[in-house]
Amino acid sequence: MNVTPSEPADRLPVDASARHSALLAEEAPAVPGPRASGKPVPPGPGVTVLAGPTAVGKGTVSAYIREHYPEAWLSVSATTRPARPGEQEGVHYFFVTSEEFDDLVDRDQMLEWAVVHGVNRYGTRRDKVDEAVAAGRHVLLEIDLQGARQVRESLPEATFVFLAPPSWPELVERLIGRGTETEAEQRRRLETARMELAAEPEFDAVVVNDRVERAASELVQIMGLTPRD
Ligand SMILES: Nc1nc2c(ncn2[C@@H]2O[C@H](COP(=O)(O)OP(=O)(O)O)[C@@H](O)[C@H]2O)c(=O)[nH]1
Ligand SMILES: Nc1ncnc2c1ncn2[C@@H]1O[C@H](COP(=O)(O)OP(=O)(O)O)[C@@H](O)[C@H]1O
């Protein structure tokens, strides 16, 4: 008798909507609600750190601020990841080789740096931030949680803002909707996101990214700038 062996369920091909439902069906972690900063709004220029789980919209909110609030100074990170189509050197990132990144670290030029999502290194150039603060700018660093923790060690006076999703299902939707990661990578990032959400109490304030303009307006207010609604 010729019997076709059945495949284990986890190797069966599943369509995208089934994968989507599977990711959404997993137990949702607690998602923090809005929390005002306990710290007073800085009277002058200073550094604000924006962190939060993958796909919450950190890049989107930062891009909105770059476009609509030219008075804010957004740090441009150095990264070893290759540029994506449309990304410009010095605008989105400083794209450097692994050797160049090592050199920046060895010369203590990095305010903070981290391996993000297990592959590439990202870091903030200390000299650029110092220059911007000295020039009286309100500085925004959009970095990951490991980097935020390092900045808290070296610049405890900075303001630390956690960007939270409106809900866990919405975060899953944004990650899937962005469509830039494989399913395995999405799963890995969602596991990391669970840990990142648990770090919320380390931050001075929580801004919920429900609508980009609203979240940006709340963030610039925390930075000491005047929001435009
Ligand atoms: N620690 C640290 N993290 C950074 C820095 N720049 C970007 N990141 C983080 O790196 C991650 C990857 O960013 P990106 O390359 O734009 O990829 P994408 O978010 O997956 O589209 C995000 O979580 C950023 O917050 C940095 O200078 N330092
Ligand atoms: N307030 C929002 N409402 C709906 N979708 C959003 C919002 N903010 C961001 N997004 C979408 O969510 C996805 C992830 O945003 P992105 O900025 O890439 O996240 P992060 O930089 O935190 O990884 C993108 O497709 C983006 O267009």
Side-chain angles (χ1 to χ4, degrees), residues 31 34 47-68 73-96 100-101 104-105 109-129 132 139-155 158 160-182 185-186 188-190 192-193 195-197 199 203 207-219:
V31 167
V47 174
T48 302
V49 173
L50 180 69
T54 186
V56 67
K58 300 181 295 297
T60 305
V61 170
S62 301
Y64 185 91
I65 290 177
R66 182 184 286 124
E67 191 177 342
H68 293 87
W73 187 88
L74 275 82
S75 169
V76 179
S77 301
T79 181
T80 57
R81 98 151 153 69
R84 295 176 183 150
E87 285 184 332
Q88 290 166 271
E89 167 72 14
V91 176
H92 299 94
Y93 284 104
F94 294 108
F95 296 98
V96 298
E100 286 167 335
F101 201 101
L104 287 165
V105 173
Q109 288 290 300
M110 289 304 201
L111 175 62
E112 61 74 33
W113 70 271
V115 175
V116 184
H117 302 311
V119 193
N120 294 301
R121 286 184 286 172
Y122 295 79
T124 306
R125 292 268 302 265
R126 189 194 299 280
D127 55 348
K128 307 273 182 200
V129 172
V139 171
L140 182 65
L141 309 184
E142 188 254 285
I143 58 179
D144 88 320
L145 178 62
Q146 311 166 74
R149 286 175 171 155
Q150 292 172 41
V151 177
R152 208 182 36 219
E153 292 297 309
S154 50
L155 280 181
F160 295 85
V161 179
F162 188 86
L163 193 66
S167 67
W168 176 256
E170 176 65 24
L171 185 71
V172 177
E173 295 281 353
R174 285 184 191 174
L175 179 65
I176 295 171
R178 184 169 64 181
T180 44
E181 288 82 24
T182 62
E185 180 61 20
Q186 286 171 353
R188 219 166 55 75
R189 288 193 182 209
L190 287 175
T192 307
M195 292 187 297
E196 288 169 334
L197 285 168
F203 287 75
V207 170
V208 175
N209 181 18
D210 41 13
R211 283 190 305 112
V212 176
E213 318 81 90
R214 200 210 58 77
S217 151
E218 194 178 335
L219 179 59

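Because only heavy atoms are used, hydrogens play no part in the values below, and waters and symmetry mates are left out as well, while side chains stay in. Predicted model only: the values in this text are computed from it and were never measured. Remember, it's 1-based here, ligands and their atoms both numbered in the order they're listed.
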**Request:** List for me each residue that meets ring pair (Phe, Tyr, Trp, His ring centres under 6.0 Å) alongside Phe160, sequence neighbours excluded, and say none if there are none.
**Result:** none

**Message:** So, 4.0 Å and heavy atoms of Gly177: is ligand 2 close enough to count as a contact?
**Reply:** no

**Prompt:** So, does Leu163 sit close enough to ligand 2 that a heavy atom of it is under 4.0 Å from the ligand?
**Reply:** no

Compare every heavy atom of [Y] with every heavy atom of [X], then report the nearest pair and how far apart it is.
{"X": "Val61", "Y": "Ala215", "value": "CG2-CB, 4.4 Å"}
{"X": "Leu175", "Y": "Gln186", "value": "CD2-O, 3.6 Å"}
{"X": "Phe95", "Y": "Ala83", "value": "CE2-CA, 3.4 Å"}
{"X": "Asn209", "Y": "Val56", "value": "ND2-O, 2.7 Å"}
{"X": "Phe203", "Y": "Ala148", "value": "CZ-CB, 4.3 Å"}
{"X": "Leu50", "Y": "Ser62", "value": "CD2-OG, 4.0 Å"}

Which residue and atom name correspond to the protein heavy atom nearest [atom], and how close is it?
{"atom": "atom 6 (N) of ligand 1", "value": "Ser77 OG, 3.0 Å"}
{"atom": "atom 18 (O) of ligand 2", "value": "Arg178 NH1, 2.9 Å"}
{"atom": "atom 21 (O) of ligand 2", "value": "Gly59 N, 2.8 Å"}
{"atom": "atom 28 (N) of ligand 1", "value": "Glu112 OE2, 2.8 Å"}
{"atom": "atom 24 (C) of ligand 1", "value": "Glu142 OE2, 3.3 Å"}
{"atom": "atom 14 (C) of ligand 2", "value": "Ala55 O, 3.5 Å"}
{"atom": "atom 19 (O) of ligand 1", "value": "Arg178 NH1, 4.0 Å"}
{"atom": "atom 13 (O) of ligand 1", "value": "Tyr93 OH, 3.3 Å"}
{"atom": "atom 19 (O) of ligand 2", "value": "Gly57 N, 3.2 Å"}
{"atom": "atom 23 (O) of ligand 1", "value": "Lys58 CE, 3.8 Å"}
{"atom": "atom 1 (N) of ligand 2", "value": "Asn209 OD1, 2.9 Å"}

Closer than 4.0 Å to some heavy atom of [X] - which atoms of ligand 1 meet that?
{"X": "Ala114", "value": "1 (N)"}
{"X": "Arg189", "value": "20 (O)"}
{"X": "Gly147", "value": "1 (N)"}
{"X": "Val116", "value": "3 (N), 10 (O), 11 (C)"}

In this structure, does ligand 1 have an atom that sits under 4.0 Å from one of the heavy atoms of [X]?
{"X": "Arg84", "value": "yes"}
{"X": "Arg81", "value": "yes"}
{"X": "Gly123", "value": "yes"}

**Item:** Sidechain N-carboxylate O distance under 4.0 Å for Arg149, Glu153
**Value:** no

Geometric N/O contact [X] with ligand 2, under 3.5 angstrom:
{"X": "Glu170", "answer": "no"}
{"X": "Arg174", "answer": "yes"}
{"X": "Thr60", "answer": "yes"}

**Message:** Let's go through Val31 and Leu171 carefully: what are the C-alpha distance in whole Å and the side-chain angles of both, what is the deciding distance for side chain to side chain contact (heavy atoms under 4.5 Å, CB included) to 0.1 Å, and is it a yes or a no?
**Reply:** CA-CA 10 Å; Val31 167; Leu171 185 71; over 6 Å; no

Under a 3.5 Å distance rule, please check whether [X] uses its side chain to pair with a backbone N or O of [Y] as donor and acceptor.
{"X": "Gln150", "Y": "Leu111", "answer": "no"}
{"X": "Glu185", "Y": "Thr182", "answer": "no"}
{"X": "Gln109", "Y": "Asp127", "answer": "no"}

**Fill in**
The option among Asp144, Leu50, Thr124, Thr79 carrying the non-hydrogen atom nearest to atom 1 (N) of ligand 1 is Asp144

**Request:** Just let me know how Asp210 lines up against ligand 2, side chain, backbone, both or neither, with a heavy-atom cut-off below 4.0 Å.
**Result:** backbone

**Prompt:** Atom CG of Asp210 and atom CD of Glu218: how far apart are they, to the nearest 0.5 Å?
**Reply:** 8.0 Å

**Prompt:** Can you find a pair of side-chain heavy atoms, one from Val76 and one from Lys128, that are under 4.5 Å apart?
**Reply:**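 With C-beta onward as the side chain, the pair stays apart.
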
**Item:** Residue pairs involving residues 112-124 (criterion side chain to side chain donor-acceptor pair (under 3.5 Å); sequence neighbours excluded)
**Value:** Arg81-Tyr122, Ser98-Arg121, Asp102-Arg121, Glu112-Thr124, His117-Arg189

**Asked** Any idea which part of Gln150 is under 4.0 Å from ligand 1, heavy-atom wise: side chain, backbone, both or neither?
**Response**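 For Gln150, no heavy atom sits under 4.0 Å from ligand 1.
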
**Item:** Atoms of ligand 2, numbered as shown, that sit under 4.0 Å from any heavy atom of Val212
**Value:** 1 (N), 2 (C), 7 (C), 8 (N)

**Message:** Quick check on side chain to side chain contact (heavy atoms under 4.5 Å, CB included): which of Leu145, Val207, Leu197 does Phe162 satisfy it with?
**Reply:**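 Only one of Leu145, Val207, Leu197 forms a side chain to side chain contact (heavy atoms under 4.5 Å, CB included) with Phe162, namely Leu197.
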
